[in-house]
There are 2 protein chains.
Amino acid sequence: MRGAVIHAPGDVRFETLDDPRILKPTDAIIRTAVTCVCGSDLWPYRGAEPTDGAHPMGHEYVGFVEEVGSEVTAVRPGQFVVGSFATSCNACANCRNGYQSGCLHREFMSTCQAEYVRIPNAQGTLVATDGVPDEAFWPGLLAVSDVLGTGWWAADAAEVRPGATAVVVGDGAVGLCGVIAAKEFGAERIIAMSRHEPRQKLALEFGATDIVTERGDEGVARLKELTGGICVDSVLECVGTAQAMQQALRSARPGGNVGFVGVPHEVALDGQELFFSHVGLRGGPAPVRRYLPDLVARVLSRSIDPGKVFDLTLPLEQVAEGYRAMDERRAIKTLLKP
Amino acid sequence: MRGAVIHAPGDVRFETLDDPRILKPTDAIIRTAVTCVCGSDLWPYRGAEPTDGAHPMGHEYVGFVEEVGSEVTAVRPGQFVVGSFATSCNACANCRNGYQSGCLHREFMSTCQAEYVRIPNAQGTLVATDGVPDEAFWPGLLAVSDVLGTGWWAADAAEVRPGATAVVVGDGAVGLCGVIAAKEFGAERIIAMSRHEPRQKLALEFGATDIVTERGDEGVARLKELTGGICVDSVLECVGTAQAMQQALRSARPGGNVGFVGVPHEVALDGQELFFSHVGLRGGPAPVRRYLPDLVARVLSRSIDPGKVFDLTLPLEQVAEGYRAMDERRAIKTLLKP
């Protein structure tokens, strides 16, 4: 089969690779329907994370089950399945507590920009749709497997309540999906922090009520103006830089909450500032599996359309161009078709 | 009148001071019934916080209203009142959200180890009891104004739920009151981290089910043994050092919560460790006012007895000895009688 391999920062190639095989009785092999490039793939692509030797890339997928291991009974060959970037047994204590992305058997996906993919923990990870959905739904279901699941988790971790004011820091695909989630959670006012016109437009389409273009302390000052001086109930931090995290923490009112879902890069939090802020904080890799059946149903019933975050579609063999377009901010998110 | 003044680390004196006066129409003056020394008073006493010039000390009090400003109608002279170390209007947006210790008009108390005390924001801060309670209740009501209110907030911020497993880091008066709170919140298993026999005994009396004497990573390993390998639902961090905070964060299971109420001293949190822990975190000065009517009622109905944390009672004029006894860990908490 063929798939994407990163060799060094800026150097992603489409190459012939070994076909994946069942390695454990809990594995499944899927044929990729569609896959994509994630904002977090840009960390190694930009050299902000080390690349130790060439390795495959990609952790988002929907596809058709090809083969299952002997212990996998929840899905069967031929079915269309949605999963998560973090695989989970869905049976251990952490999974039962709703933190499937903290599963005691967790393996992160990392080989999905390819024609075939091995899925560990397939029994607890994959959810089959009822029949093969129309191809028009594939981008939305693909978004569920990571960016929508992550935006949803941001809203959940930020404890967005009906009637609340929420702010979304970050206008990438996760942030935009965070706007969808905040709206579905019932937020009455949703403020998107964005300077990029196409992203502002999509944020408004997804339910944002206000756009704030200022950043850092100026952005916080603007939020205070918009909220009678006390800042917002819920902040969805969807970037992961120190600047974004500081802005997020200062954007929440006393007793408010920050859900942080951008993987933190060189972020240190000052204990005393956090203390006197009274802000609640929760983050981590999204427990997408917890939300999966609900989110699949919302996409298939057309109540949400997170597939709109894909504004560039390329054949999988042009994966390198997919990275370039996102790196240069020509695309919000690149869909790849095998 | 007379009261305590700190001149330098280790140097607390009982001196003649100006009588407090009504400075604003929202003030009240109380005659102190009992006051006490707080664990946090030991930070400047030990030189861990700077003492810029001599100043009065103390932020815990119950007493009799002597005089009220023209805008204070909620209490009247002669009444016995309980308050909080953080004064609050109980009317602004932050107060209405339940974060009275983040009141837009907040003033922290700092002159309470004295015969008379001026209480700013008296209207929103003071709660009068129904008649003057028997003197036997005064220590318990005094505890409500800070250490019980803070332990209660630790349990609330750590989201202790009925049936949960909770661990309390810190065996000072706040930690011991955290045990009371965890029990009242319905925790089924309450693990107190303590190496000091009199404190262990009081923790067990207050409802602790287990005592763990190990600290740091050894303490965390012991908690894992006690909880089937996943650690605990709720952690009450009642110290404020970097070591205690790290231990607290590592003691919570994925999806668990840390309530941190010890004022952090040189605590920096690693964003990536917090991210991958999936632990929720909330801290700050306790919004005691939110809990005040409930806690006063629990003390007066004898359903809880937080006054037991006072294991040394001295006349106010011996305040210096009260500090020394706590500094040398001869006393958990010193009650002072004017």
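Sequence lines set the chain letters: A, B, ... in the order given, protein chains first and strands last, and positions in each chain run from 1. Computed from a prediction, not measured in an experiment: that's the story for all the values here.
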Practice task
Please round to the nearest 0.5 Å and tell me the distance separating atom NE2 of B:H278 and atom CG of A:N97.
Solution key: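 CG of A:N97 is found 12.0 Å from NE2 of B:H278.
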
Handout entry: Reported NE2-to-CD distance for the pair B:H265 and A:Q272, which is rounded to 0.5 angstrom
Key =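 The CD atom of A:Q272 is 6.0 Å from NE2 of B:H265, to the nearest 0.5 Å.
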
Practice task
Check whether more than 12 heavy atoms from other residues, nucleotides or ligands sit under 6.0 Å from atom CD of A:E107, and answer yes or no.
Solution key: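 Yes, enclosed.
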
Handout entry: Residue selection (most heavy-atom pairs with chain A, distance under 4.5 Å) from B:A268, B:G229, B:G284, B:A157
Key = B:G284

Exercise for the section: Using a cut-off of under 4.5 Å on heavy-atom pairs, state which of B:D270, B:L269, B:V267 scores highest against chain A. Expected result: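 Greatest number of close heavy-atom pairs with chain A: B:L269.
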
Using non-hydrogen atoms and a 4.5 Å limit, figure out which bit of [X] sits close to chain B: side chain, backbone, both or neither.
X      : answer
A:V258 : neither
A:S101 : both
A:E159 : side chain

Problem - Partner chain B: residue of A:N257, A:D233, A:L104 with the largest heavy-atom pair count (under 4.5 Å) - result: A:N257

Problem - Which of A:E266, A:M245, A:R253, A:E273 touches chain B most, by non-hydrogen pairs under 4.5 Å - result: A:R253

Engaged part of [X] at the chain A interface, taking heavy atoms whose separation is under 4.5 Å:
X      : answer
B:F275 : both
B:E237 : neither
B:V279 : backbone

Handout entry: Under 3.5 Å: donor-acceptor pair, side chain of B:R282, backbone of A:G255
Key =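 At least one qualifying donor-acceptor pair exists.
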
Handout entry: B:G271 to A:P264 - nearest heavy-atom pair and separation
Key = O-CG, 3.4 Å

